[in-house]
Amino acid sequence: MQEIRTRFAPSPTGYLHIGGARTALFNYLFARQHKGAFILRIEDTDVARSTEESTTAILDAMNWLGLDYDEGPFFQSQRFALYKEHAYKLLKDDKAYKCFCTAEELEARRQEAFKQGKPPRYDGRCREAGDKDKPFAIRFKSPQIGKTIVKDHIKGAVAFENSEIDDLIILRSDSTPTYNLCVVVDDATMRITHVIRGDDHLNNTPKQIMMYEAFGYNIPEFAHVPMILGSDKTRLSKRHGATSVMAYKEMGYLPHALVNYLARLGWSHGDEEIFSMAELIEKFSLENVGKSSGVFNPEKLLWLNAHYIKNTKPEEIAKLLRPFLEAKGCKISDDEKPAMAVKTLQERSKTLVEMADGAEFYFKDEIVYDEKAVQKFLKPDIKDVLQKLIARLKGIELFLYSGIEKAFQNLVEETGLKLGSIAQPVRVALTGKTTSPGIFEVIEILGKEETVFSGANARFEPKTRKRWLDKTEHTILSM
RNA sequence: GGUCCCAUCGUCUAGAGGCCUAGGACAGUGCCCUCUCAAGGCAUAGACACGGGUUCGAAUCCCGUUGGGACCGCCA
């Protein structure tokens, strides 16, 4: 049984985008499932547009997504000799010819054809031109009779009339190779068995098949996956929001949430929605990739992200959260507190950015008070109750959830107040906001010292004071 | 303009001729739970683009129409 080999072949002209990531993922899954090899190839034959930064960005993104490759990255720019050799071989075999038309002439003819509403095809005029003492490009002499059938794992058999396919340039007049030549040479020499790529390449495929045949190479299997569209059903672009994979990292997404989302965009396994990487590798199949293009739905991605935030160990989330907290100026000393804080926020955060916002107060000596919240909940008439609460909290030996809860309950019984009318002011006093994790857990994590002290120092005047006061500063509640 | 691809709820999709009064998920709506915000639970609304065939029977097969998309480069 032959080894399954797939490849992802981005061109380094920008960051890794959502569509590319999905193509990479499908190739990765297919290779892993068949215990084959996943190869990364950088298609940088267009020297003018390719940049090293793009290559790095793509590598970073793949690494973040967990798409590790077995071979590569290979750079086409380092294989020019090989392509040139192939082009000249075809020339020698009379399967290609020199074209002396200039780029300008070609462009003018194309414009003219468009104007007349005709297909802008090359007319093959240099096929019989022979040799001239002029600069030339090399064109592939594509067979003009018969049909070429693309047997595609997703689209089925797609037939093209050979007469519709024109002679494409494989070697530019500056001796650099073009895309179609490179892909064929590389896929053949790298022994790629399955070419899984976007269906924008479907129309190129017959040309490539012709070249495989001209070289006498085996034709790989093809699978053309449908495009990803934006909400208006046009090709996904920046207009529709973030398209860069790494932008999602910055927005606080978990890599596996994106992976899971991308896998389910176009592929399905019955009614299942949640897949671990291991499950994806086990269950993925090209047969279950849909034929139609799909709209990228940020809301569902967000839901998946929330799901994984909820269902990942707090310690792991804490690790991922750390840079987000530090970006907000939080100083993280120990490892225990972040994990505890995370635990209280997992059910209420859809992204790590959101979680960092919610966790900020745990880690800052100074918190920002929401003015409206202060005015609404920290009224003087609550001072008395707060004072009583502080006294009770002070009396707790083991400062844990159950004891704290009991302190509140006792106070509720004693004062006849509703829990809410006590909890809300305390929440504002401790967090500066009206929304937070459960107040008992907040108090437990903050600890006795900080709770009692900041509770005592809670603002009752709309000044710009922060929660944590220096011990020497005066307190509003006299203690 | 030519070639090619595609077509089930708003979105992702299940559906391989009878299991479909079309299932699930996200988003929406309502209720429950509740110290806030969430999460969760329950319920609800919502689709086979259209027209012809084939068949006892079609979301499923065929043809056409319409609508979307991709490609037509000395870009990849």
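Every chain is numbered from 1 and lettered A, B, ... according to where its sequence line falls, protein lines coming before strand lines.
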| said: If I pick the C1' atom on B:C74 and the same atom on B:A14, what distance separates them, to the nearest angstrom? | reply: 47 Å
inquiry  = I want to check one thing: is the phosphate of B:C74, taken as OP1 and OP2, less than 4.0 Å away from some side-chain N or O of A:Arg109?
reply    = no
Per the under-4.0 Å heavy-atom filter, residues of residues 144-156 of chain A near RNA chain B come out as A:Lys155
Mind checking the C1' distance from B:G53 to B:G17? Whole angstroms is fine.
15 Å
At 4.0 Å (heavy atoms only), tell me whether A:Lys418 reaches a base, stays on the sugar-phosphate, or touches nothing. nothing
Answer for the Watson-Crick or wobble partner of B:U21, both distances under 3.5 Å, is none
| task | Would you please indicate yes or no on a ring centroid separation below 6.0 angstrom for A:His86 and A:Phe215? | result | yes
For the backbone of A:Asn260 and the side chain of A:Tyr308, can you confirm whether one donor and one acceptor N or O come within less than 3.5 Å of each other?
no
- Task: Establish, yes or no, whether a centroid distance under 6.0 Å links the rings of A:Phe8 and A:Tyr69.
- Result: no
Quick one: label A:Ala9 by what it contacts on the DNA or RNA (base, sugar-phosphate, nothing), any heavy atom closer than 4.0 Å.
-> nothing
>> Between the base of B:C35 and the side chain of A:Arg427, is there a donor and acceptor pair under 3.5 angstrom?
In response: yes
For B:C71, the nucleotide meeting Watson-Crick or G-U wobble distances (both under 3.5 Å) is B:G2
Notebook entry, point to check: B:C72 phosphate, OP1 or OP2: any side-chain N/O from A:Lys207 under 4.0 angstrom?
Noted result: no
Answer for the Watson-Crick or wobble partner of B:C26, both distances under 3.5 Å, is B:G10
When rounded to whole Å, the CG to C1' distance for the pair A:Leu430 and B:C35 reads 13 Å
Discussion item. Regarding A:Ser268, tell me which of base, sugar-phosphate or nothing describes its non-hydrogen contacts under 4.0 Å with the strands shown.
Written reply: sugar-phosphate
Using the P atom in both, what is the distance from B:C50 to B:G67, to the nearest Å?
15 Å
Next item on the list: Write down the distance separating the C1' atoms in B:G40 and B:A58, rounded off to the nearest Å.
Entry: 41 Å
Expressed in whole Å, how much space separates the P atoms belonging to B:C62 and B:A16? 16 Å
Residues of residues 433-444 of chain A with a heavy atom under 4.0 Å from any atom of RNA chain B, listed by number, are A:Thr434, A:Thr435, A:Ser436, A:Pro437, A:Gly438, A:Ile439, A:Phe440
What integer number of Å spans the P atoms of B:U55 and B:U8?
-> 28 Å
Using Watson-Crick geometry (N1-N3 plus N6-O4 or O6-N4) or G-U wobble (N1-O2, O6-N3), each under 3.5 Å, B:C50 is paired with B:G64
Self-check item: Inter-nucleotide P distance (B:C42, B:U21), Å rounded
Solution: 25 Å
- Phosphate OP1/OP2 of B:U11 contacted by A:Lys233 side-chain N/O (<4.0 Å): yes
Picking from B:G24, B:C35, B:C71, the nucleotide nearest the side-chain atoms of A:Ala423 would be B:C35
Considering only heavy side-chain atoms of A:Gln424, the closest of B:U11, B:G24, B:U36 is B:U36
Practice prompt. Tell me what A:Ile169 touches on the nucleic acid: a base, only sugar-phosphate, or nothing, going by heavy atoms under 4.0 Å.
Written response: base
Exercise. When we call it a touch if two heavy atoms are under 4.0 Å apart, what does A:Cys101 touch: a base, just sugar-phosphate, or nothing?
Worked result: base
**Item:** Check: A:Tyr261 ring centre within less than 6.0 Å of A:His256 ring centre
**Value:** no
Among the nucleotides B:A25, B:A70, B:U13, whichever has the atom closest to the side chain of A:Glu273 is B:A25
If pairing means Watson-Crick or G-U wobble with both distances under 3.5 Å, then the partner of B:A39 is none
Side-chain (A:Ser349) to main-chain (A:Leu345) donor-acceptor, under 3.5 angstrom: yes
Identify whether any heavy atom of A:Asn297 sits under 4.0 Å from a base atom; if not, whether one sits that close to sugar-phosphate; answer base, sugar-phosphate or nothing. base
Quiz prompt | Integer angstrom distance from the P of B:G10 to that of B:A47 | solution = 7 Å
Pairing partner of B:A45, by Watson-Crick or G-U wobble and under 3.5 Å for both distances, is none
| Would you say B:G40 has OP1 or OP2 under 4.0 Å from some side-chain N or O of A:Arg348? | no
_Any A:Thr45 side-chain nitrogen or oxygen under 4.0 Å from OP1 or OP2 of B:A76_ = yes
- request: Assign A:Arg235 to base, sugar-phosphate, or nothing according to its heavy-atom contacts below 4.0 angstrom with the strands shown.
  value: sugar-phosphate
Open item on the list: Any side-chain N or O of A:Arg264 below 4.0 angstrom from OP1/OP2 of B:A25?
Closed with: no
### Query
With sugar-phosphate meaning primed atoms plus P, OP1 and OP2, does A:Ile422 contact a base, only sugar-phosphate, or nothing at under 4.0 Å between heavy atoms?
nothing
